[in-house]
Amino acid sequence: MPELPEVETMRRGIAPAVGMRIDRVEIPRGRLRPLLIEPAPPQFASHVRGSVLEAAERFGKRLALRLRATDAKSSRARLATAATPRWLVVEPRMTGLLLVAEPPTQEHVRLRLGGESPAGRPAELLFWDRRGLGTLRLVDADGLARLCGEDRLGPDALEISAAELITRLGGSARAVKVALLDQKALAGVGNLYAAEILFRAGIDPRTRCSRLSRPRWRRLHAVMQEVLAEAIELEGSTLSDATYRTALNEPGRYQARHQVYGRAGQPCQVCGTDVTRIVQAQRSTFFCRACQVR
DNA sequence: CGTTCAACCTGGGCGC
DNA sequence: TGCGCCCAGGTTGAAC
């Protein structure tokens with residue numbers, strides 16, 4: 001679910017919590033697999049408790065929350081925290097959410113916020129994940145580089161230049177839709193926005209990257225910026241299952257703009273041709289056979 | 001290089 | 001009503 005626009009919306013939604021101290025960490029027993037939370041809950045909680053949320057940064061579809069340790073009670077804790085700047089890396093995957101309002105059902109992790117709390121500041125930060133495929137990982141600077149560094153993620157889709165996009169993907173033999181999903185090449189675009197971007201660019205998703213002309217790459221680049229910016233403006237896409245919510249537990253509004261995603265068999269809003277669904281790399285691809293050409 | 005499959009999970013929708 | 005199946009905004013590693 002969450003792609004770049006949804007994760008950016010999440011980042012902005014929790015921004016009011018930046019500067020606040022995490023006074024308590026509550027992790028319901030038996031609800032978190034090792035894959036989902038690292039280190040294991042007792043260590044995770046003891047490391048996070050007492051720290052101040054200093055910043056929330058987005059890397060593609062991931063969020064990294066920078067934590068600073070404060071007034072550690074024991075010298076042992078002070079040593080440990082001073083030696084390792086800590087980042088809480090949140091990877092929502094399909095259904096993970098960060099919320100400052102009550103989640104739809106029991107949350108997975110609840111961080112109670114304290115310290116200076118002027119009116120309007122959230123009292124809690126919640127992680128909720130219906131399918132439980134997301135991850136929360138507490139890491140040091142090396143760990144952050146391993147999870148979000150340039151070996152792992154390509155340039156952010158909102159920041160990459162047209163020239164760099166062409167350099168990174170232009171020579172590939174893969175279908176352009178598949179290449180756009182490659183987070184090592186380009187970070188942030190997922191299945192939904194890849195479909196919408198290619199529709200607006202008029203490009204058949206099956207076209208091999210190496211067959212696209214430079215003008216078409218530049219068009220694709222410009223359209224990618226437009227689509228992502230509009231989706232952020234409308235706080236992301238909430239699909240029919242309503243899983244994705246903003247940090248305030250409200251639906252996004254970009255779904256009203258979808259031209260092809262999830263619209264198989266319905267008429268293209270530009271030309272009336274039925275939208276087609278195919279499968280590429282085991283994922284659904286939606287496109288208009290008339291508007292999108294090779 | 002590239003593709004393909006399975007795995008991690010829950011839950012909604014559909015046909016029978 | 002219920003069962004079995006397919007589907008889903010993502011990522012990863014193995015096999016070919």
Side-chain angles (χ1 to χ4, degrees), chain A residues 1-10 30-38 58-63 89-98 103-108 127-137 146-148 151-154 157 168-198 205-211 227-228 231-232 234-246 251-265 277-286:
Chain A
M1 164 220 293
E3 304 182 27
L4 186 153
E6 288 76 24
V7 179
E8 177 61 18
T9 301
M10 238 176 253
R31 292 186 55 84
L32 297 176
R33 292 167 296 108
L35 177 67
L36 186 55
I37 189 164
E38 289 177 4
R58 184 183 57 76
F59 297 90
K61 303 175 192 172
R62 298 171 186 187
L63 274 186
V89 177
V90 180
E91 198 179 340
R93 302 221 181 165
M94 295 293 264
T95 51
L97 294 179
L98 278 178
T105 56
Q106 187 186 28
E107 73 284 356
H108 283 140
F127 179 73
W128 178 82
D129 189 344
R130 198 190 76 184
R131 287 171 70 179
L133 298 175
T135 63
L136 295 179
R137 284 179 282 201
R146 242 178 289 119
L147 293 173
C148 302
D151 288 347
R152 192 52 156 282
L153 297 177
R168 292 190 151 253
L169 294 181
S172 171
R174 297 130 103 195
V176 61
K177 153 74 179 345
V178 175
L180 288 175
L181 298 184
D182 179 353
Q183 303 299 300
K184 280 197 178 72
L186 171 71
V189 175
N191 205 39
L192 190 161
Y193 292 101
E196 294 300 318
I197 289 164
L198 289 169
R206 299 165 294 183
T207 313
R208 291 181 186 275
C209 290
S210 56
R211 303 291 298 259
V227 167
L228 296 175
I232 291 168
L234 295 179
E235 302 187 291
S237 299
T238 296
L239 303 180
S240 57
D241 70 5
T243 300
Y244 167 71
R245 321 291 290 177
T246 70
R253 303 181 306 283
Y254 190 75
Q255 62 279 6
R257 302 273 182 100
H258 292 179
Q259 307 256 39
V260 287
Y261 185 82
R263 298 193 65 249
R277 175 186 178 272
I278 61 172
V279 173
Q280 292 180 290
Q282 290 75 239
R283 325 264 330 252
S284 289
T285 297
F286 300 91

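We name chains A, B, ... by the order of the sequence lines, and we start the count at 1 in each one.
- dA8(C) atom P lies 15 Å from atom NE2 of His258(A), rounded to whole Å.
- Contact check, Arg208(A) against dG2(B): no side-chain N or O comes under 4.0 Å of OP1 or OP2.
- Of the candidates Ser237(A), Pro5(A), Ser284(A), Leu192(A) forms a side chain to side chain contact (heavy atoms under 4.5 Å, CB included) with just one, namely Ser237(A).
- A heavy-atom distance below 4.5 Å is found between the side chains of Arg245(A) and Leu97(A).
- In this structure a side-chain-to-backbone donor-acceptor pair under 3.5 Å is present from Arg58(A) to Gly60(A).
- Rounded to an integer number of Å, the gap from Lys184(A) NZ to dG2(B) P is 13 Å.
- Note: CG (Leu136(A)) to C1' (dT11(C)) measures 15 Å, nearest angstrom.
- Taking atom CD of residue Glu3(A) and atom C1' of nucleotide dT11(C), one finds them 13 Å apart after rounding to whole Å.
- Taking 4.0 Å as the cut-off between side-chain N and carboxylate O, Glu196(A) and Arg257(A) do not count as a salt-bridged pair.
- dC3(C) and dC9(B) have their P atoms separated by 23 Å, with the value rounded to a whole Å.
- Rounded to an integer number of Å, the gap from Tyr261(A) OH to dC7(C) P is 12 Å.
- Taking side-chain N and O atoms only, Arg277(A) has a distance below 4.0 Å to OP1 or OP2 of dA8(C).
- Remark: Glu235(A) engages Arg253(A) in a salt bridge, criterion side-chain N to carboxylate O under 4.0 Å.
- Listed for the Arg208(A) side chain is no donor-acceptor partner under 3.5 Å among the backbone atoms of Ala175(A).
- Considering only heavy atoms from C-beta on, Leu63(A) comes within 4.5 Å of Met10(A) through its side chain.
- Atom CZ in Arg146(A) sits about 18 Å away from atom P in dT11(C), given to the nearest Å.
- Contacts between residues 169-178 of chain A and DNA chain B, counted as heavy-atom distances below 4.0 Å, involve Ser172(A), Ala173(A), Arg174(A).
- No option in Thr243(A), Leu133(A), Asp129(A) other than Leu133(A) meets the side chain to side chain contact (heavy atoms under 4.5 Å, CB included) test with Met94(A).
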In B/S/- notation (B base, S sugar-phosphate only, - none; protein heavy atoms under 4.0 Å), nucleotides 6-14 of chain B written 5' to 3' is --BBBS---
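- Following rounding to the nearest Å, Arg206(A) (CZ) and dT3(B) (P) show an atom-to-atom distance of 15 Å.
- If you take CD of Gln280(A) and P of dT4(B), they are 10 Å apart, rounded to a whole angstrom.
- Taking a pair to require two hydrogen-bonding distances under 3.5 Å in either a Watson-Crick or a G-U wobble arrangement, dG13(B) pairs with dC5(C).
- As rounded to the nearest Å, dC6(C) and dC5(B) have P atoms that lie 14 Å from one another.
- Aromatic pair Tyr254(A)/Tyr244(A): ring centres not closer than 6.0 Å.
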